[in-house]
Amino acid sequence: MKNYILSIFNDLSNKLDYLQNQSILLEVPKNTGHGDLSCNIAMILSKQLKKSPREVAEEIISSLKYSDNIINDIKIAGHGFINFYFTDSFSSKIINEILEQGDNFGKTKIYAGKKANVEFVSANPTGPLTVGHGRNAVVGDTLANLLSWVGYKVDREYYFNNAGRQMRVLGDSVKLRYLELLGEKITFPEDYYQGEYIKDIAQKLIDEKGDTLKKDDPDGNFKEKAENEIFDDIKTTLSNLKIHHDIFYNEKQLYDDGKIKNLLNELKYKKLSYEKDGAVWFKITELGGEQDKVIVKATGEPTYRLPDIAYHITKFERGYDLIVDLFGSDHNATYPDVLAGLKANGKNTEKIKIIIHQFVTILENGQIVKMSTRKANFITLDELTEEVGSDVVRYFFNMRDVSSHMNFDLSLAKTQSDENPVFYLQYAHARICSILNMIKDEKLKVSTDHLELLVKNEEKLLIKKLRQFKEEIELSARLFETHRICTYLEELATHFHKFYTFCRILGSEKNLAEARIALATATKTVIKNGLQILGVSAPEKM
RNA sequence: GCGCCCGUAGCUCAAUUGGAUAGAGCAACAGCCUUCUAAGCUGUAGGUUAGUGGUUCGAGUCCACUCGGGCGUACCA
């Protein structure tokens, strides 16, 4: 319907030349009394035309040519808003559209033919995923869903590193626990991995190999076993949240393929690197950065920056049109270096969308729980999922803007999970399913033959809300904001519950009952599709 | 110190990217089940949008400063 208004404005621009190169912004007013769509163009042009906004609005409205079948009324309101009111018959056509498209309603082809890569989680296999990782995991997966709804072919990617210092410490930790379990006296350093899971891994090694590994290097069997066990665990945790990655990219491959070496040579050739104090420095100041950074340590080992840049170059080489990185706020200082590196490599960094999400403060009984994998002070994501279920976890992490520093009270989540808004949505869906079961016995069917009978306020508002679904998806995808889907669905469910309360189906006259069934069925489809994007189930019974 | 993020009802958070009277859910109070699921609905109460100034037709949103909180600020990742 936006398109229709834009088209009549376009026709008008031939007549009023000040509309020629003016972009027309239309929005759905908050206040339902202000119509279906609202335009602020008169206020914007008022200064330039030296007329009051209302005068400009008058002039525009009187020249607009439109069909009475589509537009019922156009009014000037407030300081000079032009409000459009659609006819009921035009508005309710959305029900037909939803019923025809079913599970596909809401999908668009805006970005059809484009490839996107969404990298998320990317935790190194040093321990189980914690509640702290939950937000990243859930939002990343949902973002991937959202992008595919607007037409992208999406790959979900997990980047990890099984070399380096942390992994060595991990291997050492397992070996010490192994020796300990075999009865040897050990001293376990404070900065080693303290978690119980390390002992479990050591025990498994004893079960499998006995004491034959006593003399082994911790970097061998111990590290490898730890990595495999932990990775299996991480994948299970993700799978419990219905998250599956398409690609697991090992940093090691960058070395094997010579990508690191190539990049190093290139930077040297372009005079963007230099040697100082035995280390190799990346000349970030040359590229507009704050200060130069070390990319190869004096020990000869690269810092994380070099592989990070090389890794992102591969994403370009792999042909993605959109590259999404989802990081926690602890990474906010690192991505500018990566972008600088990509620019140095001649890549178009516009293709990259870096999303930084803020941390979730975990509370238990009102106390802040500080999480640390190394100190084994954490609540695992698995424990949470088991406790409250995948739907609640997914909904909870999706429902807020990633830039918000959200609080998560575990005790509240466990004891009062009924109050989670996800149940409100699911309940609306279940209620509709229940009605649809019931009408089979009443010889009623879904029919759009008499949608004109839907004239009550609750019906009109529900229809209006249904109309907004597509646009909400497009906006959410464009802004990379999953929480908008939640906000929308909550509003939709509210309108449905009101409709349910005031507009009965059983007992109404047949044509009206069937029109209402059509409306309810359309609502069910939209709720289900919305929940589908969020990765939350739409139960038929509750 | 510097950089990024945040500060909205008692609590958890929205607010169509600068729009009209700042909205939901919890919690509180008062109502609604002999008819499609009461995990619902109706109503009441709750606000100087941390503060001060600025930009303009119009600011929770943009700019400056102040206060308060989170994350960074490695030859760790």
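Everything quoted here is computed from the prediction, not taken from an experiment. Order of the sequence lines sets the chain letters (A, B, ...), proteins ahead of strands, with each chain counted from 1.
- Closest to the side chain of A:Phe502, from the set B:A38, B:C71, B:C41, is B:C41.
- Look at A:Lys498 and you'll find a side-chain N or O under 4.0 angstrom from OP1 or OP2 of B:U42.
- Nucleic acid contact for A:Asp277: base, since at least one base atom lies under 4.0 Å from a heavy atom of the residue.
- Within 4.0 Å of A:Asn407, counting heavy atoms only, lie sugar-phosphate atoms of the nucleic acid but no base atom.
- Rounded to whole Å, atom P of B:G3 lies 17 Å from atom CD1 of A:Ile356.
- One distance of note links NE2 of A:His331 with OH of A:Tyr304; it measures 8.0 Å at 0.5 Å rounding.
- If you take CE of A:Met406 and C1' of B:C26, they are 15 Å apart, rounded to a whole angstrom.
- Comparing B:A39, B:A77, B:G72 by their nearest atom to the side chain of A:Phe423 picks out B:A39.
- Side-chain atoms of A:His497 stay outside donor-acceptor range of the base of B:C41, with no qualifying N/O pair under 3.5 Å.
- For the P atom pair drawn from B:C11 and B:U66, the interatomic distance equals 27 Å after rounding to whole Å.
- Considering only side-chain N and O atoms, A:Ser403 lies under 4.0 angstrom from the phosphate OP1 or OP2 of B:C6.
- Ring geometry, A:Phe496 versus A:Tyr500: the interplanar angle falls from 30° to 60°, so the pair is classed tilted.
- With the nearest nucleotide of RNA chain B identified for both A:His331 and A:Ala493, A:Ala493 has the one nearer the 5' end.
- The CG atom of A:Asp330 sits 9 Å away from the P atom of B:U73 (whole-angstrom rounding).
- Nucleotides B:A14 and B:G31 are separated by 34 Å at their P atoms, to the nearest Å.
- Checked for salt-bridge contact, A:Lys315 and A:Glu119 meet the test: a charged N lies under 4.0 Å from a carboxylate O.
- A glycosidic torsion no more than 90° from 0 defines the syn conformation, and B:C33 adopts it.
- A:Lys283 and A:Asp292 are not joined by a salt bridge, as no carboxylate oxygen comes within less than 4.0 angstrom of a charged side-chain nitrogen.
- Within 4.0 Å of A:Ala298, counting heavy atoms only, lies at least one base atom of the nucleic acid.
- For the OP1/OP2 pair of B:C76 and a distance below 4.0 Å, the side-chain nitrogens and oxygens of A:Lys293 include no atom meeting the criterion.
- In this model, no side-chain donor or acceptor of A:Tyr427 finds a partner on the base of B:A39 within 3.5 Å.
- At the phosphate of B:C41, OP1 or OP2 sits under 4.0 Å from a side-chain N or O atom of A:Tyr424.
- Side chains of A:Arg394 and A:Thr142 form a contact here, defined as non-hydrogen atoms less than 4.5 Å apart.
- Aromatic ring orientation, A:Tyr159 versus A:Tyr249: tilted (interplanar angle from 30° to 60°).
- Residue contacts shown for A:Thr334 include a base, since a base heavy atom lies under 4.0 Å away.
- Distance from the side chain of A:Trp281 is smallest to B:C75 among B:C75, B:G70, B:C36.
- The distance from atom CZ of A:Phe499 to atom C1' of B:C36 is 10 Å, rounded to the nearest whole Å.
- For the C1' atoms, the distance from B:G1 to B:U61 is 29 Å, rounded to whole Å.
- Nucleic acid contact class of A:Lys465 (heavy atoms, under 4.0 Å, all strands): none.
- Between the side chains of A:Glu59 and A:Tyr18, at least one donor N or O lies within less than 3.5 Å of an accepting N or O.
- Within 4.0 Å of A:Glu458, counting heavy atoms only, lies no atom of the nucleic acid at all.
- In this structure, A:Phe359 places its CZ atom 15 Å from P of B:C6, rounding to the nearest Å.
- B:A15 and B:A22 have their C1' atoms separated by 7 Å, given to the nearest Å.
- A:Arg516 places a side-chain N or O within donor-acceptor distance of the main-chain N or O of A:Arg504, the cut-off being under 3.5 Å.
- In this model, the phosphate group of B:A38 is not approached by any side-chain N or O of A:Thr501 to a distance below 4.0 Å at OP1 or OP2.
- One interatomic measurement links the two molecules: OH of A:Tyr500 to C1' of B:C33, which rounds to 11 Å at whole-angstrom precision.
- Comparing B:U21 with B:G47, their C1' atoms sit 13 Å apart, to the nearest whole Å.
- For RNA chain B, the residues of residues 430-439 of chain A within the heavy-atom distance limit of 4.0 Å (strictly under) are A:Ala430, A:Arg431, A:Ser434, A:Ile435, A:Met438, sorted by number.
- Ion pair A:Asp256/A:Lys252 flagged as a salt bridge, since at least one NZ, NE, NH1 or NH2 atom sits closer than 4.0 Å to an Asp/Glu carboxylate oxygen.
- The ring of A:Phe160 has its center closer than 6.0 angstrom to the ring center of A:Phe231.
- Side-chain contact check for A:Asp325 versus A:Phe327: some heavy-atom pair is nearer than 4.5 Å.
- Nucleotides B:C26 and B:G40 place their C1' atoms 16 Å apart, quoted to the nearest Å.
- Side-chain contact between A:Ile260 and A:Pro307 is present, with at least one heavy-atom pair separated by less than 4.5 Å.
- The P atoms of B:A59 and B:G19 are separated by 11 Å, rounded to the nearest whole Å.
- Contact annotation: the side chain of A:Gln291 never approaches that of A:Ile284 to less than 4.5 Å [non-hydrogen atoms, C-beta and beyond].
- Taking atom CZ on A:Phe396 and atom P on B:C26, their separation rounds to 15 Å, with Å as the unit.
- Put simply, CD1 on A:Ile527 is 13 Å from C1' on B:G40, counting in whole angstrom units.
- With hydrogens and angles disregarded, a donor-acceptor distance shorter than 3.5 Å links the side chain of A:Arg54 to the backbone of A:Gly78.
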For nucleotides 15-20 of chain B, 5' to 3', base contacts (B), sugar-phosphate-only contacts (S) and non-contacts (-) with protein non-hydrogen atoms under 4.0 Å give SBB-BB
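- Heavy-atom contacts from other residues, nucleotides or ligands closer than 6.0 Å to NZ of A:Lys528 number 12 or fewer.
- Anti is the classification of B:U52, since its glycosidic angle lies more than 90° from 0.
- Taking a pair as Watson-Crick or G-U with both hydrogen-bonding distances under 3.5 Å, the stems of three or more pairs touching RNA chain B are B:1-7 with B:67-73, B:10-13 with B:23-26, B:28-32 with B:40-44, B:50-54 with B:62-66.
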